[in-house]
Student: 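Below you will find the structure I want to go over with you.
Fair warning: this is a prediction, and the values are worked out from it, not measured in the lab. Whatever order the structure lists ligands and atoms in, that order sets their numbers, starting from 1.
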Amino acid sequence: MSEVISVSHLSKSFGDHHVLRDIDFTVNKGEVVCIIGSSGSGKSTLLRCLNLLEQPSGGEIYYKGQSILQDKHNLQEYCTKMGMVFQQFNLFNNHNVLNNCLIGQTTVLKRSKEEATNVTMKYLDVVGMSQYINAKPSQLSGGQKQRVAIARALSMEPDVILFDEPTSALDPEMVGEVLKVMKDLAETGLTMLVVTHEMGFAREVADRVVFMDQGVIVEEGTPEEIFENPKEGRTKEFLKRV
Ligand code: ADP
Ligand code: MG
């Protein structure tokens with residue numbers, strides 16, 4: 001299996017608050033890794049460190065075996081290869097659906113508008129939103145907004161998409177349509193790192209599940225190992241509560 005991201009001894013502090021401590025894990029090509037854990041355990045901070053929205057305090061990130069934090073010449077390519085989908089969608093509200101998907105491609109990847117439009121139409125079709133290219137985000141439901149955000153991430157053709165609780169801000173009736181899109185993407189072989197409270201999704205779709213608590217990885221394993229036979233007391237406690 002080829003390694004896409006690997007993290008070694010990663011730590012992050014805000015002042016004297018140690019939010020992440022000695023994090024080690026790997027995401028291989030084509031894998032779906034779900035990160036679960038209570039609120040405040042550092043899941044979002046970990047994703048934000050991986051796409052360098054936060055500067056890690058220590059440790060190293062490797063992208064396809066190359067150091068990112070020490071050897072900074074890989075940084076720019078790395079950032080374009082990490083897609084991100086946020087809980088709150090983070091669409092540009094003053095731009096329509098098409099432009100939301102075009103902006104990163106034309107500015108960062110320097111694609112022509114024509115090429116970027118072709119790529120966008122392909123991915124809007126994948127998420128079932130191609131008939132909404134002229135709509136503004138305010139005209140869409142939460143589930144539709146999140147599907148556009150996923151199409152926008154896909155349009156950059158990243159190596160990995162990081163999802164930070166993509167369904168947590170949705171009304172319950174819209175959760176399913178977003179999980180369905182994510183499940184379909186997983187089946188195409190997209191590499192995905194998903195922070196989620198949707199245990200059904202993690203159980204069904206993840207290749208590996210990582211349980212975090214208080215800034216550390218407590219245990220990781222296959223969905224069967226984590227959900228049917230957790231080894232650590234903290235994992236058992238967490239699973240009882242969800
Ligand atoms: P999770 O996503 O698992 O709910 P977070 O990564 O958002 O957890 O937060 C983990 C801890 O880090 C929390 O205690 C939070 O208050 C703290 N934290 C997150 N971001 C910041 C920040 N920018 N400044 C200070 N503390 C932060
Ligand atoms: Mg979070």
Student: Under a heavy-atom criterion of less than 4.0 Å, does Gly40 contact ligand 1?
Tutor: yes
Student: Under 4.0 Å and counting heavy atoms only, is there anything from the protein next to atom 16 (O) of ligand 1?
Tutor: no
Student: Do you see a protein non-hydrogen atom under 4.0 Å from atom 21 (C) of ligand 1?
Tutor: yes
Student: Tell me, yes or no, whether the heavy-atom count around Lys180 atom NZ, taken from other residues, nucleotides or ligands under 6.0 Å, exceeds 12.
Tutor: no
Student: For atom 11 (C) of ligand 1, what is the nearest protein heavy atom, given as residue, atom name and distance?
Tutor: Val19 CG1, 3.6 Å
Student: Which atoms of ligand 1 have any heavy atom of Ser39 under 4.0 Å away?
Tutor: 4 (O)
Student: In plain terms, say whether Lys110 and Glu115 are close enough for a salt bridge, that is, a side-chain N and a carboxylate O under 4.0 Å apart.
Tutor: no
Student: Please find the pair of heavy atoms, one from Arg208 and one from Val27, that lie closest to each other, and give the distance.
Tutor: NH2-CA, 4.1 Å
Student: Starting from atom 8 (O) of ligand 1, find the nearest protein heavy-atom neighbour and note its residue, name and distance.
Tutor: Gly42 N, 3.2 Å
Student: Return yes when at least one N/O/S atom of Thr45 is nearer than 2.8 Å to the Mg ion (ligand 2), and no when none is.
Tutor: no
Student: Tell me which protein heavy atom sits closest to atom 23 (N) of ligand 1, plus the residue, atom name and distance to 0.1 Å.
Tutor: Phe14 CE2, 3.4 Å
Student: Atoms of ligand 1 less than 4.0 Å from Ser44 heavy atoms?
Tutor: 1 (P), 2 (O), 6 (O), 7 (O)
Student: Scan Leu140, Val127, Val97 and name whichever one has a side chain to side chain contact (heavy atoms under 4.5 Å, CB included) with Arg147.
Tutor: Val127
Student: For ligand 1, which part of Met212 has a heavy atom less than 4.0 Å away: the side chain, the backbone, both, or neither?
Tutor: neither
Student: Output the list of atoms in ligand 1 that are nearer than 4.0 Å to some heavy atom of His17, sorted by atom number.
Tutor: 14 (O)
Student: Using 4.0 Å as the upper bound for N to carboxylate O, is an ion pair formed by Glu237 and Lys240?
Tutor: yes
Student: Would you kindly say whether Gln144 and Tyr132 are connected by a side-chain donor-acceptor distance under 3.5 Å?
Tutor: yes
Student: Starting from atom 3 (O) of ligand 1, find the nearest protein heavy-atom neighbour and note its residue, name and distance.
Tutor: Lys43 NZ, 2.7 Å
Student: Given salt bridge (charged side-chain N to carboxylate O under 4.0 Å, His left out), test Arg203 with Glu228 step by step and report yes or no.
Tutor: CA-CA 10 Å; Arg203 199 182 274 258; Glu228 314 302 338; 2.7 Å; yes
Student: Please state which part of Thr45 comes within less than 4.0 Å of ligand 1, counting heavy atoms only: side chain, backbone, both or neither.
Tutor: both
Student: Report yes or no: do Ser67 and Glu60 form a side-chain donor-acceptor pair below 3.5 Å?
Tutor: yes
Student: Taking a cutoff of less than 4.0 Å between a non-hydrogen atom of the residue and any ligand atom, is Ser38 in contact with ligand 1?
Tutor: yes
Student: Decide, yes or no, whether a salt bridge links Arg111 with Glu157 under the criterion of side-chain N to carboxylate O below 4.0 Å.
Tutor: yes
